[in-house]
**Student:** 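If you scroll down you'll find the structure; I have some questions about it.
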Amino acid sequence: MTHSAFTEVNEKVIHAGEILGLKPGVIAALTSCEREVVISIPLHRKDDIEVLTGYRVQHSSARGPRKGGIRFHQAVDLDDVRALASLMTWKTALIDVPFGGAKGGVAVDPSTLSLLEKEEVVRRWTRSLVHVLGHQRDIPAPDMGTDARTMAWLMDEFHRLEGFQPACVTGKPVELFGAPGREEATGRGVAQIAAATLEKNDVKVKGATVAIQGFGNVGRYAALVCQELGMKVVAISDVTGGIVDKKGIDIQSIFMHKTLESVQAEERVGASEVLEVNCDVLIPAALGGVINEENVGRINASFIIEGANQPLTSYADQELRVQGSIIVPDILANSGGVMGSYFEWTQNIQQFSWPIDKFRRELDSRMEKAFGNVHKVSKKYSVDLRTAAFIVSVERVSHAFEMRGSLV
Ligand code: NAD
């Protein structure tokens, strides 16, 4: 059977919908995407043209304008983007921000693009999709392979076509209508959730060992904040490989390195071996599907905090739960990013800016609230945290969907 990321998300939605007693028609609506746009992006490269494929999938607008990142990665395809768009719907509902869900991407290895080529791809992506975008329609943000700079190009292109509207995209540079705190928000949220999970399970945060896959936006800040909270990061990897130090890696000192390739370390391991390091907390913060049938038996962590989207296949999720690991699902663990995007969006609309301390305080307290709520629901229904998170979000989205009158 071919693996479908969208099917895996939908299995969770269907399960939650059945627990909630939703009508089959409502479940069918929640497991479909409202709109899918596929575009071709002809790119001048060397002395020829290469045609790339770009996507924007809008899963749901039941609770507000659609919201979701843009991923540049060679493995991006329609199924992947559907799954990620759907996850955004459940994430925004779970943390109770007034957005729906969407996701976009381009199937390209971003490391092969020059800066100018990357800018051209983003501008063409924006021109082709401008009719479905906008601060009250669908608001993109960064994801794998894209960053604040990319969002600045997107905003600039959007402004040329539609006029000044900085809330049309989030995750922008602070100098260009970005919000101080947004860049670190996903990783910060992941680290806060890791600490809250340890506390809930009577494990000391101070000195707890952490292994992280990914040293990009999410992994890097998750590592930094875990260290600030007193945890010991014993292993971290990126696409160039991993480093391990049982005494704890000083994240502050390596933070500015673009990759881990040149970082001196006690021990070097392969990029995926970091997942198998013996530790209290494992944070996969790079790709989807990295913990799967092949390596699940070698995972050695009591707590898994999903920094990446869908880092565990359904099979691995089930196996690890049977083994007794506690898994905090992506829609909760990495929701600090879209929470931060919500703060940026509201500030752009009001043309007002929060100091970073206020941003962090609001983020921490809202993440804590979402975490507490998921815990409560998991106890109420006697289910794992992932099922509980889907129960909360599926209930909210289905209510909005039905109240809007979509069924008449
Ligand atoms: P990024 O592009 O900034 O970083 C990705 C990191 O993964 C890099 O360090 C890269 O070297 C590493 N990587 C790539 N392939 C790898 C491999 N085979 N083995 C080990 N490491 C590998 O991306 P990001 O924004 O940090 O996103 C990471 C994950 O978090 C994605 O799943 C994304 O969807 C999710 N996420 C991101 C945000 C956000 O705000 N950026 C929010 C929520 C979820």
Side-chain angles (χ1 to χ4, degrees), residues 5 9 67-76 80-81 83-88 90-92 94-95 101 103-105 108-111 113 118 140-151 169-172 178-179 181-190 193 211-224 235-243 254-255 257-261 263 269-276 283-292 295 305-312 329-344 363 367:
V9 179
K67 184 89 191 77
I70 311 171
R71 177 176 289 196
F72 279 16
H73 192 272
Q74 55 277 22
V76 165
D80 224 25
V81 184
L84 293 164
S86 172
L87 282 178
M88 286 306 298
W90 313 119
K91 206 177 292 188
T92 53
L94 182 66
I95 58 169
K103 201 79 178 191
V108 65
D109 178 353
S111 68
L113 296 173
K118 196 169 182 185
D143 192 78
M144 273 187 79
T146 57
D147 56 16
R149 184 95 192 264
T150 330
M151 299 306 112
V169 56
T170 57
K172 302 179 291 294
R182 167 60 185 94
E183 187 180 271
E184 67 181 35
T186 314
R188 181 179 180 86
V190 169
I193 293 280
I212 301 177
Q213 186 192 48
F215 192 57
N217 174 271
V218 182
R220 174 183 305 258
Y221 281 105
L224 189 69
I236 189 157
S237 73
D238 68 6
V239 71
T240 67
I243 56 174
I254 62 167
F255 191 78
H257 285 251
K258 268 198 150 72
T259 75
L260 296 169
E261 199 170 13
V263 171
V269 293
S272 55
E273 281 171 62
V274 158
L275 298 168
E276 299 166 21
I283 303 179
L287 305 170
V290 291
I291 303 178
N292 48 43
N295 63 356
I305 315 293
E306 294 187 334
N309 285 310
Q310 290 189 294
L312 275 59
D330 44 13
I331 60 171
L332 173 61
N334 69 32
S335 62
V338 69
M339 182 79 84
S341 278
Y342 167 60
F343 297 161
E344 181 177 329
L363 182 81
M367 295 292 294

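As the structure lists them, so they are numbered: ligands from 1, and atoms in each ligand from 1.
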**Student:** Which heavy atom of K91 sits nearest a heavy atom of N334, and at what distance?
**Tutor:**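 Closest heavy-atom pair between K91 and N334: NZ-OD1, 2.6 Å.
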
**Student:** Answer with yes or no whether the side chains of T146 and D143 bring together a donor and an acceptor at under 3.5 Å.
**Tutor:**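 Side chains of D143 and T146: no pair found under 3.5 Å.
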
**Student:** Between ligand 1 and the protein, which N/O pairs fall short of 3.5 Å?
**Tutor:**
| residue | atom | partner | partner atom | Å |
| --- | --- | --- | --- | --- |
| ligand 1 | 2 (O) | G145 | N | 3.0 |
| ligand 1 | 3 (O) | N217 | N | 2.9 |
| ligand 1 | 9 (O) | F215 | N | 2.9 |
| ligand 1 | 9 (O) | G216 | N | 3.1 |
| ligand 1 | 11 (O) | V239 | N | 2.9 |
| ligand 1 | 21 (N) | V239 | N | 3.4 |
| ligand 1 | 26 (O) | N217 | N | 3.2 |
| ligand 1 | 26 (O) | V218 | N | 2.9 |
| ligand 1 | 32 (O) | R71 | NH2 | 3.3 |
| ligand 1 | 32 (O) | A286 | O | 3.0 |
| ligand 1 | 32 (O) | N309 | N | 3.2 |
| ligand 1 | 34 (O) | R71 | NH2 | 2.8 |
| ligand 1 | 34 (O) | D143 | OD1 | 2.7 |
| ligand 1 | 34 (O) | D143 | OD2 | 3.2 |
| ligand 1 | 34 (O) | N309 | ND2 | 2.8 |
| ligand 1 | 40 (O) | R182 | NH2 | 3.4 |
| ligand 1 | 40 (O) | T186 | OG1 | 2.7 |
| ligand 1 | 41 (N) | N217 | OD1 | 3.4 |

**Student:** Any donor and acceptor pair, going by atom type alone, linking the side chain of E183 with main-chain N or O of A148 inside 3.5 Å?
**Tutor:**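 Here the side-chain-to-backbone pair does not exist.
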
**Student:** Determine whether a donor-acceptor pair (N or O, by modelled atom type, separation under 3.5 Å) exists between the side chain of D330 and the backbone of E306.
**Tutor:**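 Not a single qualifying donor-acceptor pair exists.
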
**Student:** Check whether any side-chain N or O of S341 sits under 3.5 Å from a backbone N or O of T170 as a donor-acceptor pair, and report yes or no.
**Tutor:**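 Absent.
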
**Student:** Could you work out, with side chain to side chain contact (heavy atoms under 4.5 Å, CB included) as the rule, every residue matching R188, not counting sequence neighbours?
**Tutor:**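 For R188 the side chain to side chain contact (heavy atoms under 4.5 Å, CB included) partners, ignoring immediate neighbours, are E184, Q192, V225, R360, L363, D364.
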
